[in-house]
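Structure record follows, encoded as structure tokens.
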Amino acid sequence: MADGYNPQAIEPRWQQRWLDEGTYEIGNDDPRPPYYVLSMYPYPSGPAHIGHVRNYTFGDLLVRYRTMQGDGVLSPIGFDSFGLPAENAAIKNNVHPREYTDANIETLSSSLRTIGAVYDWRRQVKSHDPAYMKWSQWIFLKFYEAGLVFRADSPVNWCPGCQTVLANEQVDAEGLCDRSGDLVERRDMEQWFYKITDYAQELLDDIDDLDWPHRVKTMQRNWIGRSEGAEFGLPIADADGNARDDVAPLPVYTTRPDTGFGMTFAVMAPEHPRVDELTTADQAVAVATFQVETSAKSDIDRLSTSGAIDKRGVFTGSHVVNPFTGQTVPLYLADYVLITYGTGAIMAVPGQDQRDWDFAKAFGINIVRTVQPDADFDGEAFTGNGPAINSAGVSLDLNGMEIAEAKSNAIEWLSAQGLGEAKVNFRLRDWLLSRQRYWGCPIPIVYCDTCGEQPVPLDQLPVELPDDIEFLPTGQSPLQFHEGFLNATCPNCDGPARRETDTMDTFVDSSWYFLRFADPFNDEEPFSLEAASRWLPVDQYIGGVEHAILHLLYARFFTKALADIGAAPKELREPFKRLFTQGMVRMGGSKMSKSKGNLVAPEAIIADAGADALRLAILQVKPPAEDVDWEDFQIDGCTRFLNRVWRLAVPGSDMHSTVRDGKVTDDDVEIDRATHALIERLTHDYDRWSYNTAVAAMMEFSNVLYRYVQIENGPHGVTLDAGIAALLQVMAPAVPHIAGELFEMRGLGDIHAAEWPVFDPAKLVVATTTMVVQVNGKLRDRIGVAVDISDEDAEAIAVASEGAQRILEGATPRKVIVRAPKLVNIVA
RNA sequence: GCGCGAGUGGCGGAAUUGGUAGACGCGCAGGAUUCAGGUUCCUGUGCCCUUCGGGGCGUGGGGGUUCAAGUCCCCCCUCGCGCACCA
């Protein structure tokens, strides 16, 4: 009598074997076709929770499947190991961030092994490893050389909770820090930036060719936010209403130059540098008061549309000239104009813009429509298309033109007049990378009193973090108090210099780790061009949709910039060919997270049901792209199924007692057909990431084999063996332990080294099929027919069928639609 | 407000080109075997009616196209996600 299924006995053994034998280690000279599967490297926060397990199960399935398909699969793992939580833990528990992080990496690594996920562990990359930091700093300096890094004093997002600046991308729509939830303040500080805006157009254009979820592509397009329009100067008017030529005009940006004749006022942002210059003496107090009020307002108030509009702007006392009409119009400040976009000043056209309409109404400014609204239009500002009206001047007449035509004519006129030109604007801002934190990669710059800002020479990299640090909740980076770190030598004059104490945003680390995986032991360069060409772009990248903008955009920028400075292959324009964004696991209706304390730990489930049952439940419960509630998982059903497979496949099973040999019967042929159909289905389902239906197909086939072993004259040994072998093989990527164990027990060797089974299309052909008989589109009968039945025969059989005749009662059909052999529809 | 995505049994979900709606699993019901157990194996299971032959209804709601609609078109409702004063 064979032993029962015992996952606790077999799973650790297989996991150890994959490690010992280096089954999923791969060399850069591997002869198989290269295929790069990558799951986003995790932040090591402790043991894996079910959300992790789900993500890494999908990746692992693909690694194993592609390997069986004959590819040489690169399956690396690493850790995004810099970041705030380690530093907070250090302050709270007096443990060094390095120790805390290393311990968490150990725990998470072992979690990943216990779910049976396989990697080339030798290639492991950790952000905080000096061997990796060295090249993060090297890239910074190369970008510095190439003019892609700059330092600027600029208004920045300051999070009082994290005590650091944030990138725009890390501030949510309500002006809150996306990590701590604190209200973000605006401060002026000297900060380091990556010049991602140099790549705005290319980052936008190349989205088209990516095999990424539509949603993610849209989010990136919106974030980059390209708009086309015109930039031109508004001359400042003197007391008589004439344009002054002793003062520079006020540049404004608009996407609707066609509506210029409707500009009845102009607006500057309250922070605009020319506010003082353009404010008259009698308005000075009102303007100053307004500026103070606005700066005291949080973004949350400023962005809300609820506040009274008349409180949100102030007249400067000055006028500008509308170049289209030659008339003077008043110049206001208003908080709805943003200093960070365009020129920080606008021409206001209330007839065609609702914000301008509201403002004009509140301040009693007149409104001129320049686009004729539809006849039934009863709204306020009209933003739809229509013929231009009220738009004729001395040298320009737009009347009657539709928007597009009027636009290009207006731009042409502006440039002919020397006033302005066509202009493309992007919403995308440069990437602020400085962080006032300890646990990050130091920015390799020193400041010399005589020579100024100096890059650290490449042969002095990496600039490492000192370990003898005292963590105090001062809100400032401990690096600022560490003399040994601070004191440096100027590489130019050898004089005393002070080291930069800011560290890099952790998104810098994750912007190139996928390249390092291609060549992780290289100590001459971040990675060789050959290694990068071999593996990149990543064939399949897997991660959460929460990285749709930040990480994915930065990584795309780095890849392009690295290629352009010659560090990466010239032709490598995109890092991730295909992207799959898996859904998250919810618990009690909300996202599972450490801070919410609603984590489900996989250990108990693995100890009870086993890793294979857990993996199978993950695959079965929902399509991988969708969010899933933990309450919907069906571990017991999966355990039951694996037990059934075990009983069916284990040598010496009582289910094999009636096996016969000799002649092949119709039953055997049918099982053979089902076996090939199984292979076809699983191949297709794995290819299209339809794992829930893949599991259904396995279960269905095992049910077929269960019925087969119980037929009267018993199953044919050859047919049964082939069916069981195929079942185990298609299950192997999903449940690698049990499949490997049973395959080996049956004397078939190592299932994970076996080739993916191929189905024979000839075997899928059936002789008979069920023909559906409908009357007026309603199902009335089902009849077994030969697949090659003629239309005439099909019609005759259908019309004569019992089900059809119940309705027809001998009457002649008006019409018969025949789709032999599947369907006949009789129109009565 | 704008842009995407989705609404199918008690539940999670299937349904490649319009062609048998509800695969597979959970749950539930009945039976068999065990019978202290989370055992195993069969059978049934969309709703309503039924003389047990079958009939009617049914994929968020309302229209439409078609011999035929979960699938295509129009309008509406609900939920989820993203963006949101970007001139």
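Per chain, numbering begins at 1; letters A, B, ... match sequence-line order. Hydrogens, waters and symmetry mates play no part in the numbers below; they use all other heavy atoms, side chains included.
Remark: B/G9 base-pairs with no nucleotide; criterion is Watson-Crick or G-U wobble with both hydrogen-bond distances under 3.5 Å. Remark: B/C52 base-pairs with no nucleotide in the shown strands. Criterion, Watson-Crick or G-U wobble with two distances under 3.5 Å. Nucleotide B/C72 forms a pair with B/G64, judged by Watson-Crick or G-U wobble geometry with both contacts under 3.5 Å. Base pairing of B/A14 is not made with any nucleotide, judged by Watson-Crick or G-U wobble geometry with both donor-acceptor distances under 3.5 Å. Within the shown strands, nothing qualifies as a pairing partner of B/G38 under the Watson-Crick or G-U definition with both distances less than 3.5 Å. Base pairing analysis places B/C28 opposite B/G44; the two distances defining the Watson-Crick or G-U wobble pair are each below 3.5 Å. Summarising the base pairing, B/G58 is matched to no nucleotide, lacking a Watson-Crick or G-U wobble pair whose two defining distances lie under 3.5 Å. For B/A21, there is no paired nucleotide, since no Watson-Crick or G-U wobble pair has both relevant distances below 3.5 Å.
B/G12 and B/G60 have their P atoms separated by 14 Å, given to the nearest Å. Separation of the P atoms belonging to B/G44 and B/U51 is 23 Å when rounded to the nearest angstrom. The P atoms of B/A69 and B/C57 are separated by 13 Å, rounded to the nearest whole Å. Taking the C1' atom of each, B/C79 and B/G30 are spaced 39 Å apart, rounded to whole Å. Separating the P atom of B/U43 from that of B/A23 is a span of 15 Å, rounded to the nearest Å. Rounded to the nearest Å, the gap between the C1' atom of B/G19 and that of B/G53 is 27 Å. Separating the C1' atom of B/G13 from that of B/C26 is a span of 11 Å, rounded to the nearest Å. A distance of about 12 Å separates the C1' atoms of B/A68 and B/U20, rounded to the whole Å.
Here A/D608 lies in heavy-atom contact (under 4.0 Å) with a base. Note on A/R782: a base of the nucleic acid sits closer than 4.0 angstrom, heavy atoms only. Nucleic acid contact class of A/Q354 (heavy atoms, under 4.0 Å, all strands): none. Contacts of A/G637 with the nucleic acid, taken as non-hydrogen atoms under 4.0 Å apart, involve only primed sugar atoms and P, OP1 or OP2. Counting any heavy atom pair closer than 4.0 Å across all strands shown, A/R814 reaches no nucleic acid atom. As judged by a 4.0 angstrom heavy-atom cut-off over every strand, A/V772 is placed among the base-contacting residues. Counting non-hydrogen atoms under 4.0 angstrom, A/T639 reaches nothing in the nucleic acid. Residue contacts for A/R221: at a heavy-atom cut-off of 4.0 Å it reaches no nucleic acid atom on any strand shown.
With distances taken from any side-chain atom of A/T693 to the nucleotides B/G25, B/A14, B/G12, the minimum falls on B/A14. Comparing B/G25, B/A87, B/C41 against the side chain of A/M699 picks out B/G25 as the nearest. Distance from the side chain of A/L338 is smallest for B/A87 among the nucleotides B/C42, B/C4, B/A87. Distances from the side chain of A/D636 to the nucleotides B/G38, B/G55, B/G12 place B/G38 closest. Nearest nucleotide to the side chain of A/P623, out of B/C81, B/A14, B/C67: B/A14. For A/R647, the side-chain atoms get nearest to B/U40 when compared with the rest of B/U40, B/U16, B/A87. You'll find that the side chain of A/D632 is closest to B/C11, out of B/A87, B/C4, B/C11.
Taken residue by residue, residues 700-709 of chain A places heavy atoms nearer than 4.0 Å to RNA chain B at A/E700, A/N703, A/Y706.
In this structure, A/K778 reaches the B/C57 phosphate: one of its side-chain N or O atoms is under 4.0 Å from OP1 or OP2. OP1 or OP2 of B/C67 has not a single side-chain nitrogen or oxygen of A/R819 nearer than 4.0 Å. A sub-4.0 Å separation between OP1 or OP2 of B/C26 and a side-chain N or O of A/R640 is present. Under 4.0 angstrom from either OP1 or OP2 of B/A87 there lies no side-chain N or O belonging to A/Y253. Contact between the side-chain N/O atoms of A/R427 and the OP1/OP2 oxygens of B/A84 is found at a separation under 4.0 Å. Contact check, A/K815 against B/C67: a side-chain N or O comes under 4.0 Å of OP1 or OP2.
Following rounding to the nearest Å, A/M219 (CE) and B/A84 (C1') show an atom-to-atom distance of 13 Å. Across the protein-nucleic acid pair, A/F382 atom CZ and B/A87 atom P stand 18 Å apart, rounded to whole Å. When the P atom of B/U40 is taken as reference, atom CZ of A/R644 falls 10 Å away, rounded to whole Å. Atom CD1 of A/I549 is separated from atom C1' of B/G3 by 13 Å (rounded to the nearest Å). The distance between atom CG of A/L779 and atom P of B/G56, rounded to the nearest whole Å, is 11 Å. Rounded to whole Å, the distance from CD on A/Q220 to C1' on B/C4 is 15 Å. For A/I807 and B/G53, the CD1 to P distance is 17 Å, given to the nearest whole Å. If you take CG of A/N825 and P of B/U66, they are 15 Å apart, rounded to a whole angstrom.
Between the side chains of A/R615 and A/Y691, no donor-acceptor pair of N or O atoms lies under 3.5 Å. Side-chain contact, A/Q354 with A/T383: no donor N or O sits under 3.5 Å from an acceptor N or O. Judged purely by distance below 3.5 Å, without hydrogens or angles, the side chains of A/N425 and A/S227 never pair a donor atom with an acceptor atom.
Checked for salt-bridge contact, A/D627 and A/R54 miss the test: no charged N lies under 4.0 Å from a carboxylate O. Salt bridge present: A/R226 and A/E228 bring a charged side-chain N and a carboxylate O closer than 4.0 Å.
Ring centroids of A/F359 and A/F265 are separated by less than 6.0 Å, placing the two rings close together.
Annotation: of the two residues near RNA chain B, A/V827 and A/C638, the 5′-most nearest-nucleotide partner is A/C638. Between A/R806 and A/T769, the one whose closest nucleotide on RNA chain B sits nearer the 5' end is A/T769.
Judged by the 6.0 Å and 45° rule, A/R644 forms a cation-pi pair with A/Y706.
Side-chain contact check for A/L234 versus A/M263: some heavy-atom pair is nearer than 4.5 Å. At a threshold of 4.5 Å between non-hydrogen side-chain atoms, the residues A/V600 and A/M587 count as touching.
Glycosidic torsion of B/G9 falls within 90° of 0, placing the base in syn. B/G82: glycosidic angle beyond 90° from 0, hence anti.
Looking at A/N222, its side chain has no donor and acceptor atom pair within 3.5 Å of the base of B/C83.
Residues satisfying the side chain to side chain donor-acceptor pair (under 3.5 Å) criterion with A/D685, sequence neighbours excluded, are A/R688, A/T693. Remark: A/N692 pairs with A/P623, A/S690 by the side-chain contact (heavy atoms from CB on, under 4.5 Å) rule, at least two apart or across chains.
Between the side chain of A/N385 and the backbone N or O of A/I403 there is at least one donor-acceptor pair closer than 3.5 Å.
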